[in-house]
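Atom set for the values below is all heavy atoms of this structure, side chains included, hydrogens, waters and symmetry mates excluded. All of these numbers come straight from a predicted model, not from anything done at the bench. Every number for a ligand or one of its atoms is a count from 1 in the order of the listing.
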Amino acid sequence: MTAEEILIFGNPTLRKNAAPLTVFDDSLKATVEEMFTTMIEADGIGLAAPQVGISKRFLIIGMPREDDEIERLFFANPEVVAMEGESEYDEGCLSVPGIRAEILRPEWIRFRYQDIDGNQLELEDGGLLARVLQHEIDHLNGILFIDRLSPSKRSLLKKTLQKMAETGQKPDNIPAAFSDAEE
Ligand code: NI
């Protein structure tokens, strides 16, 4: 599994409602290891299984730590059970390369999930983890962050997204307001 194998906008698997994860075995652990390698190679901070063609409800997050190491997190069958507040944050996605946009989401969430051994756990967060987790849960439901843009903003990206779906690649002329290119 390499970064080139991450599915790009237009691939139908990204639009499926993923099935619950029911088997927590060594093969899952191996897949998750591969996903971490792929995500880090692609410079991402989160990766959901459907993005690598596995239509199951699990995802990984690599939280940046102060010592520059990455904290490796795994969540299976995550479910938000409470939310509060609202905030805007500049999001991007490995499956929608080259594009960034401010997305409004609940700021604080409490969620249930299963760990890599299938244990049921609960956690709450009001920072980056809450943000990334909500983005990744969207992937499990076939939703991409660009779907959360207002219709007028989304229409500005119409041609760019069409091109992306046709070529399976990052398009050349991304409108400046949505481009992740450094100035
Ligand atoms: Ni994404």
Side-chain angles (χ1 to χ4, degrees), residues 1-21 31-64 70-80 83 87-107 109 111 113 125 127-150 153-154 156-158 160-171 174-175 177-181:
M1 192 187 292
T2 66
E4 286 74 40
E5 289 169 67
I6 294 173
L7 303 185
I8 301 298
F9 177 83
N11 187 300
T13 299
L14 292 172
R15 291 310 197 176
K16 284 188 191 156
N17 191 19
L21 182 69
T31 301
V32 167
E33 270 313 300
E34 277 193 61
M35 282 172 68
F36 271 112
T37 308
T38 303
M39 183 187 74
I40 291 163
E41 184 195 334
D43 238 344
I45 126 165
L47 187 65
Q51 291 181 275
V52 290
I54 305 167
S55 197
K56 293 272 169 67
R57 303 189 78 82
F58 68 94
L59 59 98
I60 58 167
I61 292 177
M63 284 293 287
I70 288 169
E71 188 181 355
R72 294 174 173 226
L73 303 173
F74 169 90
F75 301 99
N77 304 316
E79 217 173 313
V80 174
M83 54 181 81
S87 68
E88 267 203 321
Y89 190 84
D90 197 33
E91 292 188 24
C93 180
L94 295 176
S95 293
V96 193
I99 293 176
R100 300 201 68 88
E102 293 279 326
I103 304 293
L104 195 65
R105 294 187 191 271
E107 186 164 26
I109 57 170
F111 59 98
Y113 66 98
D125 190 75
L128 184 60
L129 176 61
R131 170 61 58 161
V132 180
L133 194 85
Q134 290 178 82
H135 175 115
E136 303 307 331
I137 290 176
D138 271 356
H139 276 299
L140 307 181
N141 295 323
I143 298 167
L144 300 171
F145 78 108
I146 44 169
D147 301 339
R148 298 198 174 277
L149 289 168
S150 66
K153 280 194 176 165
R154 173 88 195 242
L156 298 173
L157 278 172
K158 200 174 169 209
T160 307
L161 291 171
Q162 246 165 21
K163 194 83 188 270
M164 192 182 288
E166 279 163 21
T167 62
Q169 281 177 347
K170 173 176 160 179
I174 296 170
F178 299 100
S179 172
D180 71 356

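- In this structure the side chain of T31 never reaches within 4.5 angstrom of the side chain of K56, judged on heavy atoms.
- Protein atoms of type N, O or S found under 2.8 Å from the Ni ion (ligand 1) total 3.
- For the pair R131 and Y89, the cation-pi test (distance below 6.0 Å, angle within 45°) is failed.
- Within the model, atoms CD1 of I99 and CD of E91 stand 13.0 Å from one another, a figure rounded to the nearest 0.5 Å.
- Here the closest non-hydrogen pair linking M39 and G62 is CE-N, 3.6 Å.
- No hydrogens or angles considered: nothing links the side chains of E41 and T38 as a donor-acceptor pair under 3.5 Å.
- The line from CZ of F178 to CG of L156 is 5.0 Å long, rounded to the nearest 0.5 Å.
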